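Just below is one structure, and these are the notes that go with it.
This is a predicted model, so every value here is computed, not measured.
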Amino acid sequence: MDAQLDDKALESTLAESLDDLTPDSKTVSDDEFAEVVGGALEAVGGTLLFRMCVDNEGEAQHVAAACVGDGGNRQFLLLTLPTSGGALKVETAARSTNPVAGIAAAYAGLMDAFKAAA
């Protein structure tokens with residue numbers, strides 16, 4: 001990814017790549033979520049930071065944080081999918097209201113520090 005995409009364009013690009021990846025089943029397993037996220041990130045050259053299952057406003061959902069680009073062009077993404085099934089939601093961490101969004105940049109900074117120390 002040569003130039004930094006704006007938030008909306010990045011979200012649209014990922015949404016287009018997800019049409020064939022969303023699981024058909026009603027209950028989405030952690031493995032199915034990992035597969036969907038992997039396919040989405042592969043489409044935009046993204047890197048998974050972490051994934052987890054959380055309760056957000058009474059709804060259990062799979063959440064993954066990822067980044068696209070590097071250095072000053074690095075953007076953080078949040079990918080969410082209800083465990084009960086549905087559409088994968090992709091948004092930039094900057095635009096997300098999900099509480100997990102704030103962890104993405106901090107986690108990436110921590111990983112950068114570990115790499116530098118190694």
Side-chain angles (χ1 to χ4, degrees):
M1 202 156 119
D2 295 330
Q4 183 176 13
L5 292 174
D6 67 36
D7 291 352
K8 200 84 166 147
L10 184 57
E11 291 171 7
S12 295
T13 300
L14 278 166
E16 289 170 10
S17 71
L18 297 174
D19 288 341
D20 297 330
L21 296 172
T22 303
D24 294 330
S25 61
K26 292 292 181 197
T27 301
V28 180
S29 72
D30 191 51
D31 288 342
E32 288 172 317
F33 179 64
E35 185 177 330
V36 171
V37 167
L41 294 178
E42 186 177 316
V44 295
T47 302
L48 177 69
L49 297 172
F50 62 85
R51 62 185 164 84
M52 63 179 72
C53 190
V54 298
D55 185 342
N56 187 18
E57 297 179 7
E59 177 184 55
Q61 62 181 200
H62 296 288
V63 180
C67 64
V68 176
D70 54 17
N73 288 330
R74 183 161 58 176
Q75 290 178 286
F76 298 100
L77 304 172
L78 201 65
L79 301 92
T80 57
L81 181 65
T83 58
S84 59
L88 180 69
K89 181 178 180 182
V90 180
E91 56 193 345
T92 57
R95 292 168 43 107
S96 178
T97 59
N98 190 304
V100 177
I103 301 172
Y107 183 86
L110 181 61
M111 293 299 99
D112 290 345
F114 282 152
K115 285 180 187 174

Could you check if a side-chain atom of T92 sits within less than 4.5 angstrom of a side-chain atom of L77, using non-hydrogen atoms only? yes
Taking atom CG of D70 as the centre, does the number of heavy atoms from other residues, nucleotides or ligands within less than 6.0 Å exceed 12? no
So which pairs with a foot in residues 101-117 pass salt bridge (Lys or Arg N to Asp or Glu O under 4.0 Å), sequence neighbours left out? R74-D112
Could you tell me whether E42 atom CD has more than 12 heavy atoms of other residues or ligands within 6.0 Å of it? no
All pairs passing side-chain hydrogen bond (donor to acceptor under 3.5 Å, both in side chains) where residues 94-111 contributes a residue, at least two apart: E11-R95, Q61-N98, E91-S96
V44 and L81: same hydrophobic cluster, using ILVMFWY side-chain contacts below 4.5 Å? yes
Co-membership, hydrophobic cluster, residues L49 and V90, 4.5 Å side-chain: no
Could you see if M52 belongs to whatever hydrophobic cluster contains L79? Use Ile, Leu, Val, Met, Phe, Trp, Tyr and a side-chain cutoff under 4.5 Å. no
Would you indicate whether the side-chain heavy atoms of D30 and C53 approach each other to under 4.5 Å? no
Below 4.5 Å, heavy atoms only, C-beta onward: do R51 and V37 meet side chain to side chain? no
Minimal non-hydrogen separation, A65 against A104, with atom names: CB-CB, 3.9 Å
Closest non-hydrogen contact found for G85 with V28 is CA-CG2, 3.6 Å
Hey, any chance V100 and L48 share a hydrophobic cluster, counting ILVMFWY side chains that come within less than 4.5 Å of each other, even indirectly? no
Between G46 and V68 the two heavy atoms that sit nearest each other are CA-CG2, 4.0 Å
If two hydrophobic side chains count as joined below 4.5 Å and joins carry through other members, does M111 share a cluster with F76? yes
Minimum heavy-atom separation for F33 and L88, please, with both atom names. CE1-CD1, 3.8 Å
